[in-house]
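In what follows, residues are counted from 1 in the order of the sequence shown. What you see is a predicted model; the values in this text were computed from it and never measured.
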Amino acid sequence: MSRVIQLPQISAIAELFKPITWFPPMWAFACGAIGAGAYWGRDGWLILIGMMLAGPLVCATSQAVNDWFDRHVDAINEPNRPIPSGRIPGHWGLFLAITWTIVSLWVSTALGWLGFTAAVIGLALAWAYSAPPLRLKRNGWWGNAACGICYEGVAWLTGAAVVNNSLANSGLATIEMRGLFLALAYSVAAHGIMTLNDFKSIKGDQLMGIASLPVQLGVHRSAQVAALFMLLPQVAVVLFLLNLGTPIYSLAIAALIVVQCLMLKRFLAAPVEQALWYSGFGVPVLVSGMMISAFAVRSLI
């Protein structure tokens, strides 16, 4: 008697890839490209391929990898997720993660060796974050750092690198140093953003031995740490842009910091209840500053 092969639901695959999470790396890629002097008419195809690579491919891969290796934790925290609920049966979750890794690497070749190298780094961090033996997410300090670098730093630098490689202009080294600082600063800020996601899964993390920052430091102290990780790099960006001679852009980001501080009061008063709210309203204010800083360095080209 032949065995019936169970196929995953299309809607479950879409949920597995979590399209809502694609925005940060796509945004960071666009910031890097704009900061390096990209123009749509000249670099449009680079921007489109790069944003597709950053979001629907590399980021989607990281979500599939994470859900596969987190399926036992999700069975406690979020039993309705595609894998623990059975909507993605058997080993299909792992198969999708591996397949999308290969597809991501193939598409990255369209951006040359720089794009391919960036994809390799981003995908390696994605697998190292979730998969044993490293499974960096077992420690909130290392796991959040890996995500921050992958989602913001690598994506930003990839956007800058492919545009600079296309232009091959004499100012490449200067632009790269400016972009490198901004990529690093917003990678640190992303560490705090990642902590926001950990407040919803404290129970499962404790049971499964995942030392997220809320598990390690407690709810209120970890919320304070997350706030500092988000705010201090932005202050550094303000000072950096002032030093570059772009005071208007610095003032704009400073104003966004003030808005975030007002919103953080609500989050810090009840971190578990308000983490999702702050992710939805406070984080967009933060990432708006990323684009402002990109236009600031662009204005100096």
Side-chain angles (χ1 to χ4, degrees), residues 20-44 46-48 50-51 54-55 59 147-164 167 171-172 174-194 196 226-264 267 278-301:
I20 196 172
T21 66
W22 301 350
F23 171 77
M26 294 173 69
W27 183 258
F29 180 92
C31 287
I34 288 170
Y39 288 92
W40 183 257
R42 181 190 61 210
D43 306 304
L46 287 173
I47 296 172
L48 284 175
M51 291 179 69
C59 183
C147 282
I149 293 170
C150 181
Y151 278 33
E152 305 297 344
V154 173
W156 182 301
L157 292 177
T158 304
V162 295
V163 170
N164 275 316
L167 294 176
L172 175 60
T174 301
I175 297 169
E176 280 187 339
M177 289 306 296
R178 294 167 183 165
L180 180 61
F181 177 85
L182 294 173
L184 176 61
Y186 285 108
S187 292
V188 175
H191 192 292
I193 294 173
M194 292 305 302
L196 297 174
L228 289 175
F229 264 98
M230 289 186 282
L231 291 176
L232 292 181
Q234 295 179 82
V235 173
V237 169
V238 169
L239 297 176
F240 177 69
L241 296 181
L242 278 175
N243 185 60
L244 291 179
T246 57
I248 300 301
Y249 294 100
S250 298
L251 182 61
I253 295 176
L256 294 179
I257 293 174
V258 172
V259 173
Q260 290 169 70
C261 287
L262 295 174
M263 299 175 76
L264 278 168
F267 164 64
Y278 191 81
S279 293
F281 295 98
V283 172
V285 178
L286 188 160
V287 299
S288 296
M290 291 173 60
M291 188 62 75
I292 293 172
S293 67
F295 276 103
V297 296
R298 180 195 183 94
S299 71
L300 299 171
I301 298 175

Query raised in the report: Are Val287 and Pro24 side-chain neighbours, meaning at least one heavy-atom pair lies under 4.5 Å?
Result: no
Requested in this report: Kindly determine whether Ile292 and Leu241 satisfy side-chain contact (heavy atoms from CB on, under 4.5 Å), including the steps that lead there.
Outcome: CA-CA 10 Å; Ile292 293 172; Leu241 296 181; 5.6 Å; no
Query raised in the report: Does any non-hydrogen side-chain atom of Gln260 lie less than 4.5 Å from one of Phe267?
Result: no
Requested in this report: Could you tell me which non-hydrogen atom of Pro284 sits nearest to which non-hydrogen atom of Gly280, and how far apart they are?
Outcome: CG-O, 3.2 Å
Query raised in the report: Taking the side chain as C-beta and beyond, is there a heavy-atom pair between Val154 and Ile149 under 4.5 Å?
Result: yes
Query raised in the report: What distance separates Ile257 CD1 from Leu264 CG, expressed to the nearest 0.5 Å?
Result: 11.0 Å
**Report entry** Point-to-point distance, once rounded to the nearest 0.5 Å, from CG of Leu239 to CG of Leu244
**Finding:** 11.0 Å
Report task. Starting at CG of Leu286, measure out to CD1 of Ile253 and round the result to the nearest 0.5 Å. Result -> 10.0 Å
**Report entry** Side-chain donor or acceptor of Ser250 paired with backbone N/O of Val238 under 3.5 Å
**Finding:** yes
Report summary line: Heavy-atom closest pair (Ala294 atom, Cys31 atom, distance to 0.1 Å) is CB-O, 3.3 Å
Query raised in the report: Between Pro247 and Leu242, which heavy-atom pair has the shortest distance, and what is it?
Result: CA-CD2, 4.0 Å
Requested in this report: Among Trp22, Phe23, Phe29, find the residue that satisfies the side-chain contact (heavy atoms from CB on, under 4.5 Å) test when tested with Met26.
Outcome: Trp22
Query raised in the report: Between the side chain of Arg178 and the main-chain N/O of Arg298, is any donor-acceptor distance below 3.5 Å?
Result: no
**Report entry** Approximate separation, where rounding is to 0.5 Å, of Cys261 SG and Leu256 CG
**Finding:** 11.0 Å
Query raised in the report: Does Tyr249 reach the side chain of Ser299, with side-chain heavy atoms less than 4.5 Å apart?
Result: yes
Report task. For the residue pair Tyr186 and Pro233, establish whether any side-chain heavy-atom pair is separated by less than 4.5 Å. Result -> no
Query - Atom pair CE (Met230) and CE (Met194), whose distance is rounded to the nearest 0.5 Å - result: 12.0 Å
**Report entry** Ser293/Phe240 under side-chain contact (heavy atoms from CB on, under 4.5 Å): CA gap, chis, key distance, verdict
**Finding:** CA-CA 10 Å; Ser293 67; Phe240 177 69; over 6 Å; no
Query raised in the report: Between Ala190 and Gly148, what is the shortest heavy-atom contact and its length?
Result: CB-CA, 3.6 Å
